[in-house]
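No hydrogens, no waters, no symmetry mates; every other heavy atom, side chains included, goes into these values. Lettering of chains follows the sequences in order, A, B, ..., and the numbering in each one begins at 1.
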2 protein chains.
Amino acid sequence: MKEKHNTREVILQTATRLFQRQGYNGTGLNQIIEESGAPKGSIYYHFPNGKEEIAIEAISMMRKLVLEGAEKDLTGKDSAAEAFEYYLNNVAAIFDLKSCIDGLSIGLIASETAFTHEQLRYSCEMVFKDLQSQHAQILMQYGFDREQAEELGITITAMIEGACILSITYQDGNPLRRIAKQLSLLLKRSQETQGEKQNGNE
Amino acid sequence: MKEKHNTREVILQTATRLFQRQGYNGTGLNQIIEESGAPKGSIYYHFPNGKEEIAIEAISMMRKLVLEGAEKDLTGKDSAAEAFEYYLNNVAAIFDLKSCIDGLSIGLIASETAFTHEQLRYSCEMVFKDLQSQHAQILMQYGFDREQAEELGITITAMIEGACILSITYQDGNPLRRIAKQLSLLLKRSQETQGEKQNGNE
DNA sequence: GTCTATATGACGATAGAC
DNA sequence: GTCTATCGTCATATAGAC
C-alpha cells in the first residue's frame with residue numbers, strides 16, 4: 001500500500017498526456033497541477049528542476065508505453081507484413097477516439113525542442129533510436145537479414161511518425177490505415193527481393 | 001519600386017521561419033519583431049487579428065514554398081523513383097546546414113495546434129491535402145494509374161514528414177537520405193507490380 | 001509533503017499620440 | 001504607418017510557514 005509515490009506518479013501521467021496533445025511550450029505547470037488534481041505545493045518537491053525535469057521523465061514514460069505497446073502487437077504473427085499491419089490498424093483505432101493518444105508520437109515534443117532544449121532533444125533522439133532498433137529486431141525475427149532490417153527500421157519509424165501527424169491533423173485514423181496497407185506491401189516485396197538475392201540474383 | 005509592402009512582407013518571412021523552427025507556442029510576437037527588424041508599432045496594423053492571423057498567412061507561405069520547391073525537383077526526370085530520390089536528397093542537404101529549413105515541414109505547427117486552434121489545424125490539413133495531390137499528380141505523370149498514385153501520395157507525404165522530424169531531431173539529413181533510397185525502391189516495385197496487374201496477374 | 005504567497009518576467013493585445 | 005505606454009494575464013520559479 002505504498003501510496004506515497006502516488007502524487008509524483010499522477011503528475012507524471014498527466015504531464016505525459018498533456019505534452020503529447022499540446023506540446024512542451026503549449027503546456028503550463030498550472031494546467032498539469034489542475035488536471036492531475038495533485039497538491040499544488042508538491043510539484044517542485046517531486047521535480048526540483050522544474051518543467052524540464054518533468055518533460056524528461058515524461059519522454060521516458062512515452063518511450064516505455066510506445067515500446068511495450070508495439071512489442072505486444074508485433075510479435076506472434078505469421079509475417080512481418082501482417083504484424084505491422086495489425087499494429088498500425090490498432091494505433092489508427094486509437095486516433096479515431098480522438099480523446100486519447102496515450103503513448104504515441106513524441107514527434108511533437110521532439111521538433112519543438114530540437115533547436116532550443118538540447119537535453120530534451122537528446123532524450124527524443126534516444127527514443128527514436130530505440131524505436132528503429134525495435135523495428136529492426138522485429139523484422140529479423142520474421143526472417144529479414146540484419147542489413148535490410150536496419151534500413152527498413154528507420155523507414156518504418158518515419159512512416160509511422162509521419163502518419164501520426166497526418167492522423168492528428170485530419171482528426172481520424174485513416175492516414176495510419178493507408179500507411180498500414182502500403183507498409184505491408186513494401187515488406188512483402190522486400191522479403192521477396194531478399195529471397196531472390198540469396199538465390200544468386202545480383 | 002513598391003517598397004510600401006516591405007514591412008508586412010518582412011514580418012511574414014521572419015514569422016514563417018520562426019514558426020517552423022520553434023513552433024507556434026514557442027514563438028512570441030516580440031521575437032518576430034526583433035528578428036525582422038520591422039517597426040514595433042506596425043504589427044497590429046498589418047495583422048489586426050494578431051498572432052493567429054500571422055500564423056495563417058505563414059502557413060500559406062510555407063505551402064507555397066514547399067509546393068514550388070517540390071515541383072521544381074520532381075519534374076523532368078526519367079522515372080518517379082529517380083525524381084523523388086533527387087528531391088529528397090536535396091531536402092536532406094538543406095537539413096545538414098541546420099540553420100535554414102525554410103519552406104519545410106509544417107508538421108510541427110500542425111500537431112501543436114490540432115487540438116487547440118481549429119482554424120490553424122484546418123489550414124494545415126489543406127496543405128497536407130495539397131501535398132498528397134501533388135505527389136499523386138507527379139506519379140501519374142510518370143505513368144502510375146490514378147488509384148495507385150493516390151494511395152502512394154499519402155504514403156509519400158507521411159514518409160517525408162516523418163523523415164523531416166527524424167532529421168530535425170538527429171540534426172542531420174541522413175534519415176531523409178535513407179528514406180529517399182527506400183522510397184525509390186518502393187516506387188520501382190510498385191510500378192513493376194502495376195505492370196503485372198495489367199498483364200492479367202491478380 | 002504540502003501549503004500560501006510572491007518574485008519576476010514574458011506574453012498577446014489595446015489605446016492614443018504623432 | 002509607426003510609436004510608446006500600458007493593461008491584464010499567464011508563465012516559471014522561490015521562500016518560508018505548517
Taking the six-membered ring of A:Tyr170 as reference, does the cationic atom of B:Lys129 (NZ for Lys, CZ for Arg) lie under 6.0 Å from its centre and within 45° of its axis?
yes
Once rounded to the nearest 0.5 Å, what's the spacing between atom CG of B:Asp130 and atom CD of B:Glu125?
11.0 Å
In whole angstroms, how far is the P atom of C:dA13 from the CD atom of B:Glu53?
11 Å
I need the CD-P distance between A:Glu52 and D:dA11, as an integer number of Å.
18 Å
Does C:dC3 have OP1 or OP2 under 4.0 Å away from a side-chain N or O of A:Lys40?
no
Close approaches to DNA chain D from residues 24-36 of chain A, in residue order (heavy atom, under 4.0 Å)
A:Thr27, A:Gly28, A:Leu29, A:Asn30
Return the value, rounded to whole Å, for the distance between atom CD of B:Gln22 and atom P of C:dC11.
10 Å
All side-chain hydrogen bond (donor to acceptor under 3.5 Å, both in side chains) counterparts of A:Glu150, not counting sequence neighbours:
none
Is any side-chain nitrogen or oxygen of A:Tyr44 closer than 4.0 Å to OP1 or OP2 of D:dA13?
yes
Atom-to-atom span, CZ of B:Phe47 to P of C:dT14 - whole angstrom:
16 Å
Closest nucleotide among D:dG1, C:dT2, D:dA13 to the A:Pro39 side chain:
C:dT2
A:Gln134 side chain to A:Leu67 backbone, donor-acceptor under 3.5 Å
yes
Does D:dT2 have its OP1 or OP2 closer than 4.0 Å to a side-chain nitrogen or oxygen of B:Thr7?
yes
What I want to check is whether the side chains of B:Ser42 and B:Arg8 have a donor and an acceptor closer together than 3.5 Å.
no
Could you tell me the separation between the CD1 atom of B:Ile43 and the P atom of D:dG1, rounded to a whole number of Å?
16 Å
What residue pairs, at least two apart or across chains, pass ring pair (Phe, Tyr, Trp, His ring centres under 6.0 Å) with a residue in residues 116-143 of chain B?
B:Tyr24-B:His117, B:Phe84-B:His135
